[in-house]
Amino acid sequence: MTVDEARPAVPLPRAIGVWLREGARSALLCAPRLDTISQSPATPALVLALVLLATAASAFGEWLALVGPADFHWRSLVSGWFTTSLTAWLCWWTAAPRPDADPQTSPPPAAATLFALLAAQGLVIVIASVAAVTPVLRFLGPGWVAWALWWVTVVWIVLAQLGLLWRYARPGPRVGIALLTVAGAPTWVLAPSAPSWLARDEQGAGTEPSFLRLTPDLIERQQQVAGAALDGLAPQRPGRVDLYVLTFAPYGDEDVFRRESALVAGVLDERFGAAGRTLQLVNHPRTAEEFAWATPANLRRAIERVAQRMDRDEDLLLVHLASHGARDGRLSAQLWPLDMPVLTPAQLRVWLDEAGIRHRIVSVSACYAGSWIEPLATDGTLVMTAADAEHTSYGCGSKSDLTYFGRAMFDEQLRSTRSFEQAHAAAREVIARREREAGKADGYSNPQIRVGAAIREPLARLTAELESETGR
């Protein structure tokens with residue numbers, strides 16, 4: 001790539017300012033003023049500065065999006081340079097005099113000038129992306145809002161790049177190929193997955209990147225983990241009421257559901273004698289070699305295996321579901337790059353019925369979770385939810401250690417009582433107070449509970465046996 005003809009030197013900071021102004025014009029699909037930037041030629045130092053500033057702005061935005069300490073993932077600097085190099089090659093390939101252009105009055109930009117304009121344009125859009133996406137990532141997590149803003153940014157930068165290349169590239173087949181290539185290779189865009197900075201855990205160790213590295217070894221390992229978890233469920237003890245526990249955390253983009261799964265399993269193991277009879281199904285990049293994935297198929301197999309292990313006349317199964325929820329009852333499922341199917345109340349009801357499990361406790365920690373009550377209601381079922389069918393629950397964002405329901409119900413109340421009804425009633429008051437203090441905007445989540453008449457007796461027996469064993 002050649003640079004523009006030598007001109008009187010302009011201080012680099014001033015030159016960057018000039019190019020950013022023209023980059024902003026091109027980002028808004030306006031023609032940059034070539035006579036203005038000709039006074040600050042596209043030297044190698046200027047081009048390098050623009051590219052490095054765009055990279056630094058993207059990394060800085062990712063750092064701002066993380067809560068708490070973080071470590072920089074240096075290998076991430078390798079990614080993205082292919083598309084940058086491709087863009088530079090496209091500038092060289094397409095920057096040629098237009099047949100209808102008068103080189104005396106409207107000379108076309110050289111390849112270096114065209115690439116520098118794209119770099120300045122990319123820097124402007126990165127800054128706008130950081131300003132828009134980073135607050136969403138920090139306070140809401142990498143959900144649909146962040147991804148929607150990211151896609152808006154991608155479309156914006158593609159259109160801006162295409163507009164600039166179309167304006168100055170020579171026509172013909174090369175232009176069409178170049179435009180299609182650039183459309184598939186947007187550069188310098190801040191992604192919601194934030195791969196450059198890695199959050200650090202409480203002990204100070206860096207975590208793995210927030211995406212799943214899907215390999216054949218991992219898939220084989222998942223099959224082994226799922227099989228071992230199912231085979232490891234302990235059989236029932238004759239003459240005793242045993243509690244079996246399945247936790248299901250299908251939304252892998254946020255740590256809060258993984259933590260809640262572990263908490264619920266631990267409390268029920270400790271307080272309800274479920275050790276050895278607990279199985280966690282979790283979607284999360286860091287637990288792929290530890291827990292079976294939270295897919296509907298795995299949940300169905302787990303229910304069937306519990307039915308084989310338990311005494312269906314006296315034992316109980318507790319299923320705890322933790323994710324984002326929708327008004328129609330669907331639980332959000334995410335583990336990119338896998339396409340995860342969602343779970344519905346109707347599916348769970350059918351599987352429990354088909355397995356012949358009579359005594360069921362279903363805990364749903366999700367927004368609009370009250371929509372699960374009617375589909376699951378039977379005489380042998382206790383259903384408790386984090387919210388009613390019209391309200392969101394609270395505490396499921398990226399900054400939360402636990403959901404408000406999970407903390408109040410399991411981490412607090414069930415540590416002092418073994419009555420799910422008493423614990424739920426007390427948790428409702430705690431959650432109402434905390435939501436008021438936090439300023440929850442859409443009103444009280446209004447956790448719900450429905451207790452079938454036929455489940456009270458095995459619950460009472462379980463409580464009596466546990467209190468007899470522990471003396472409390």
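Side chains included, hydrogens not; waters and symmetry mates left out as well; all remaining heavy atoms used.
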Hey, is E304 close enough to R301 for a salt bridge, meaning N to O under 4.0 Å? no
From R21 CZ over to R33 CZ, what is the distance, rounded to the nearest 0.5 angstrom? 7.0 Å
Any side-chain to backbone donor/acceptor pair from T278 onto A275? Under 3.5 Å, distance only. no
Here the pair of heavy atoms bringing G406 nearest to L263 is O-CD2, 3.8 Å
Between S371 and A326, which heavy-atom pair has the shortest distance, and what is it? OG-O, 4.3 Å
Any side-chain heavy atom of T403 within less than 4.5 Å of one from S393? no
Give, for atom NE2 of H324 and atom OH of Y251, the distance between the pair rounded to the nearest 0.5 Å. 4.5 Å
Quick one: CG on L246 to OG on S363, what's the gap to the nearest 0.5 Å? 12.5 Å
Over 12 foreign heavy atoms within 6.0 Å of CZ, R330: no
Criterion side chain to side chain contact (heavy atoms under 4.5 Å, CB included) on D231 and R305, from CA distance to verdict: CA-CA 8 Å; D231 293 340; R305 185 58 57 89; 2.8 Å; yes
Where the side chain of N298 meets the backbone of W293, is there a donor-acceptor pair that is under 3.5 Å apart? yes
Decide yes or no on side chain to side chain contact (heavy atoms under 4.5 Å, CB included) for V306 and L279, but give the supporting numbers first. CA-CA 10 Å; V306 167; L279 192 156; over 6 Å; no
Using the ring of each side chain (for Trp, its six-membered ring), is F410 parallel, tilted or perpendicular to H320, with breaks at 30° and 60°? perpendicular
Could you report the tightest heavy-atom contact between S445 and A386, atom names first, then the distance? OG-O, 3.5 Å
Gap between atom CG of N446 and atom CD of E435 - 0.5 Å precision: 9.5 Å
Counting only N and O atoms by type, is there a donor-acceptor contact under 3.5 Å from the side chain of Q347 to the main-chain atoms of P296? no
Has T385 got a side-chain atom pairing as donor or acceptor with V364's backbone, closer than 3.5 angstrom? no
Main-chain N/O of H424 paired to R428 side chain as donor or acceptor, under 3.5 Å: no
With distance as the sole test, does N283 use its side chain to make a donor-acceptor pair with the main-chain N or O of P250 at under 3.5 Å? yes
Side-chain donor or acceptor of T43 paired with backbone N/O of L46 under 3.5 Å: yes
Restricting to non-hydrogen atoms, name the atom on A387 and the atom on A366 that form the minimum distance, rounded to 0.1 Å. CB-O, 4.1 Å
As a quick check of understanding, evaluate side chain to side chain contact (heavy atoms under 4.5 Å, CB included) for L343 and W351, giving each step before the final call. CA-CA 12 Å; L343 179 69; W351 298 337; 3.6 Å; yes
Heavy-atom pair with the smallest gap, counting every atom of L29 and A160: CD2-CA, 3.7 Å
Shortest non-hydrogen contact between S26 and L117, atoms and distance: OG-O, 4.5 Å
Got a second to check how far L123's CG is from L50's CG, nearest 0.5 Å? 6.5 Å
Verify whether one side chain among S365 and E260 offers a donor that lies under 3.5 Å from an acceptor in the other. yes
Value rounded to 0.5 Å, distance of OG in S332 from CE in M340: 13.5 Å
Look at the side chain of D388 and the backbone N and O of G370, then say whether any donor-acceptor pair between them is shorter than 3.5 Å. no
Within a strict 4.5 Å, meaning less than it, do heavy atoms of the L335 and T295 side chains meet? no
Trace of the salt bridge (Lys or Arg N to Asp or Glu O under 4.0 Å) decision for R25 with E22: CA-CA 5 Å; R25 285 179 59 86; E22 300 312 307; 3.7 Å; yes
Hits for side-chain hydrogen bond (donor to acceptor under 3.5 Å, both in side chains) against E374, two or more places apart or cross-chain, chain-then-number order -> none
Considering only heavy atoms from C-beta outward, does the side chain of D269 approach that of V245 to under 4.5 Å? no
Side chain to side chain, T247 and L268, heavy atoms closer than 4.5 Å: no
Looking at Q280 and A265, would you say the former's side chain and the latter's main chain have a donor-acceptor pair under 3.5 Å? no
From V47, T36, T113, residue fulfilling side-chain contact (heavy atoms from CB on, under 4.5 Å) relative to W19: T113
Are Y368 and T392 close enough, and set up right, to give a side chain to side chain contact (heavy atoms under 4.5 Å, CB included), and what steps lead you there? CA-CA 5 Å; Y368 312 110; T392 60; 3.5 Å; yes
